[in-house]
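Contents: one structure, followed by commentary.
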Amino acid sequence: MAMAPNAASLLLSLSPQNPNPLLPFPKTLNPRNPSRLSLLRASRSPPPSSSAAAAAAPAADPDGAGAAAPTRGEIFLEHHHSAAAAAIVLKENKKQEGATEKTTRKKKKKKPQQLPSNVASCYGCGAPLQTRETDAPGFVDPETYELKKRHRQLRTVLCGRCRLLSHGHMVTAVGGHGGYPGGKQFVSAEELREKLSHLRHEKVLIIKLVDIVDFNGSFLARIRDLAGANPIILVVTKVDLLPRDTDLNCVGDWIVEAIIKKKLNVLSVHLTSSKSLVGIAGVIAEIQKEKKGRDVYILGSANVGKSAFINALLRMMAEKDPVAAAAQKYKPMQSAVPGTTLGPIQIEAFQGGGKLYDTPGVHLHHRQAAVVHSDDLPSLAPQSRLRGQPFPASLVKAPKDDANAVGLNGFSLFWGGLVRIDVIKVLPQTRLTFYGPKRLQINMVPTIEADEFYQKELGVTLTPPSGKDKAEAWPGLQNVRDLEIKFEDKKRPACDIAVSGLGWIAVDPFCAPPVENAETYNSEGEEHGELRLAVHVLKPVEVFVRPPLPVGKAASEWYQYQDLSEKEEELRPKWYY
């Protein structure tokens with residue numbers, strides 16, 4: 001069947017030169033008549049395809065502004081919100097189907113309200129907004145939801161859980177990673193990690209955050225599984241918590257040495273403080289240099305300080321960027337609860353294009369926050385500058401039952417109810433210095449009395465866990481790691497014993513004052529040897545033995561920089577603060 005002629009060909013076919021509309025237009029044409037020439041071209045050109053027409057048509061934007069096409073980040077958010085909304089609806093349908101099978105009465109049940117595919121999310125935690133489960137993240141009062149939806153203000157809504165978090169409540173929402181749930185288990189740690197799996201296939205800029213207080217425990221050793229081949233800027237947070245008179249040049253060099261040993265290639269290393277804004281300007285400059293129109297994603301383990309870092313970033317960028325200044329009004333929520341951020345949060349932060357994304361924290365089962373009750377989480381977060389607690393601080397006498405013990409030999413040290421260190425064999429001058437939360441008390445008892453002391457004082461003196469009710473369900477310090485520590489230099493500590501999610505213990509063989517019965521252990525002229533300790537922790541918690549972190553005034557004297565050639569110096573990432 002012949003296709004109907006378009007309007008242009010119909011006009012031409014009815015022109016005086018072609019009185020018969022069924023005959024084709026004559027091949028001869030006066031080239032001096034441009035109007036007829038254009039009509040002829042229009043009549044003979046094929047109709048535009050649907051894709052070409054869609055490309056030519058202006059992009060529809062519900063808000064009246066925006067790019068012509070959605071970015072990859074916006075497409076990802078759309079898929080994330082659609083999947084979350086579908087999961088909520090399916091869960092509600094299953095509940096209703098089960099209730100229908102149990103009851104014999106035929107009642108017309110109200111169908112659950114279908115969430116749209118582009119469901120809005122809470123700007124504080126990224127959870128999809130919902131009006132059904134009051135205990136779950138994203139809950140909003142139905143009247144408030146409808147009112148905000150009617151005025152197209154859902155992007156300005158803060159869910160009920162975030163409101164509780166802002167008032168200091170510890171409301172957890174992530175389960176499946178061990179320990180106490182402590183609240184409504186809304187998502188699993190595996191689901192949060194899955195939300196970041198698309199990044200390896202996109203072209204983005206990755207900002208990887210590491211907590212200096214828990215450097216080894218928060219490092220995310222398999223970051224390339226999430227980031228792919230994308231460039232990475234390493235940001236070390238909370239440097240304001242380091243002891244006074246710490247030389248950040250030494251710390252920066254120590255961090256670069258650590259990431260080289262971990263075989264992680266990064267563009268640069270930045271030592272920052274979200275509280276005092278130290279180093280934030282350098283991160284902004286590096287982002288503007290390396291962004292190149294791409295979206296920027298903030299990655300890190302749970303409670304590493306991502307949301308606080310983003311707030312500091314926006315605060316400093318707002319001085320020159322009006323887009324960042326506007327974004328400050330609706331900032332991500334920050335709290336001590338692991339899993340505060342439950343979904344990707346898109347932030348309009350850059351005037352020159354590209355968006356900033358706060359992402360859910362990657363939950364690591366080997367950190368202390370994964371095994372303690374939510375009520376005890378604040379005690380794990382240092383609030384002020386760390387001050388090392390040395391043991392022994394003064395002379396220590398040997399236990400009566402062991403006449404050969406000297407110094408710390410024969411003693412056990414408890415770090416709250418979370419860590420126990422049995423001193424098996426050390427030098428008389430050996431000192432252990434604890435760097436971690438001040439709320440955790442350190443107690444020292446003879447090793448022969450350690451088991452009885454732990455059972456008696458757990459939940460009372462040894463906290464966390466706080467309270468006898470939590471102590472009864474406490475699994476105990478089941479994991480024991482025997483450490484043989486070698487030392488070769490009198491002028492520097494032998495090593496650090498880092499406890500994942502808590503802090504570290506500096507081991508210095510020649511730091512403590514001599515004890516009264518030191519003659520029983522001859523160490524004169526001994527510059528190298530071996531120490532033996534046994535570290536007890538909860539079963540999933542990991543213990544790391546690492547080179548000593550150079551903190552404090554004395555560290556600048558004993559820390560040694562590596563001798564490098566010019567080529568090696570060029571290949572090493574630079575550190576800034």
Side-chain angles (χ1 to χ4, degrees), residues 59 61 63 65-81 121 123 126 192-210 220 222-237 259 264-270 272 279-300 304-307 309-318 320-328 330-332 341 343-362 573-574 576:
D61 185 49
D63 297 330
T71 64
R72 293 182 176 182
E74 291 171 337
I75 294 174
F76 163 66
L77 281 179
E78 182 73 16
H79 289 315
H80 163 66
H81 292 158
S121 60
Y123 73 83
L192 291 184
R193 185 183 286 267
E194 184 64 26
K195 292 179 181 180
L196 304 175
S197 60
H198 80 291
L199 290 180
R200 67 169 70 182
H201 307 296
E202 307 291 343
K203 291 184 178 180
V204 299
L205 178 62
I206 302 295
I207 310 296
K208 170 183 164 63
L209 267 61
V210 181
L220 288 184
R222 300 175 62 185
I223 183 65
R224 282 298 177 187
D225 292 347
L226 299 175
N230 289 307
I232 297 176
I233 299 173
L234 183 67
V235 174
V236 181
T237 61
I259 64 174
L264 177 66
N265 296 323
V266 299
L267 298 176
S268 58
V269 176
H270 298 263
T272 67
I280 300 296
V283 179
I284 296 174
E286 189 76 3
I287 291 175
Q288 297 294 353
K289 175 185 174 183
E290 301 292 342
K291 185 165 65 72
K292 301 175 183 177
R294 294 174 291 191
D295 293 332
V296 180
Y297 282 77
I298 310 297
L299 295 186
V304 78
K306 295 186 301 299
S307 298
F309 171 75
I310 289 176
N311 293 340
L313 208 67
L314 294 175
R315 194 190 328 166
M316 184 160 284
M317 291 173 59
K320 298 182 180 180
D321 192 339
V323 177
Q328 279 192 292
Y330 304 106
K331 298 179 293 188
T341 303
I345 302 176
Q346 176 181 296
I347 304 171
E348 301 283 347
F350 306 113
Q351 192 172 15
K355 294 179 175 59
L356 182 67
Y357 287 89
D358 187 9
T359 62
V362 178
K574 302 295 187 295
Y576 306 91

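- Contact between Pro573 and Leu267 at its shortest, heavy atoms only, is CB-O, 4.2 Å.
- Within 6.0 Å of atom NZ in Lys289, 12 or fewer heavy atoms from other residues, nucleotides or ligands are found, so the atom counts as exposed in its surroundings.
- Looking at every heavy atom in both residues, Ala349 comes nearest to Leu356 through CB-CB, 3.9 Å.
- For Phe309, the ring pair (Phe, Tyr, Trp, His ring centres under 6.0 Å) test picks out no residue, with sequence neighbours left out.
- With a 4.5 Å cut-off on side-chain heavy atoms, Thr237 and Leu209 count as touching.
- Taking a 6.0 Å sphere around CG of Asn265, one finds it holds 12 or fewer heavy atoms contributed by other residues, nucleotides or ligands.
- Side-chain atoms of Arg224 never come within 3.5 Å of backbone atoms of Arg200 as a donor-acceptor pair (strictly under, hydrogens ignored).
- Summarising the geometry, atom OG1 belonging to Thr272 is positioned 9.5 Å from atom CG belonging to Leu313; distances are rounded to the nearest 0.5 Å.
- The distance from atom CG of Asp295 to atom NZ of Lys203, rounded to the nearest 0.5 Å, is 13.5 Å.
- Between Val269 and Ile259, some side-chain heavy-atom pair lies under the 4.5 Å cut-off.
- Side-chain contact between Val210 and Leu234: present, with at least one pair of heavy atoms (C-beta onward) separated by less than 4.5 Å.
- Taking each heavy atom of Gln328 and Ala318 in turn, the nearest pair found is OE1-CB, 3.4 Å.
- For the pair Lys291 and Phe350, the cation sits on the ring face: its NZ or CZ lies under 6.0 Å from the ring centre, inside 45° of the axis.
- Between Ile298 atom CD1 and Ile206 atom CD1 the span is 8.5 Å, to the nearest 0.5 Å.
- The line from CD1 of Ile347 to CG of Asn311 is 7.5 Å long, rounded to the nearest 0.5 Å.
- Judged by distance alone, the side chain of Asp321 and the main-chain N or O of Gln351 form a donor-acceptor pair under 3.5 Å.
- When all heavy atoms of Gly126 and Ser121 are compared, the closest pair comes out as O-CB, 3.6 Å.
- Considering CE of Met317 and CD1 of Ile287, their distance stands at 7.0 Å, rounded to 0.5 Å.
- The distance from the CD atom of Glu202 to the CG atom of Asn230 is 8.5 Å, given to the nearest 0.5 Å.
- When all heavy atoms of Pro360 and Leu196 are compared, the pair lying nearest together is O-CD1, 3.9 Å.
- Here the closest non-hydrogen pair linking Ser197 and His201 is O-CD2, 4.0 Å.
- For the salt bridge (charged side-chain N to carboxylate O under 4.0 Å, His left out) test, no residue two or more places apart in sequence or in another chain qualifies with Glu286.
- Taking the six-membered ring for Trp and thresholds of 30 and 60 degrees, Tyr357 and Tyr297 have nearly parallel ring planes, at less than 30 degrees apart.
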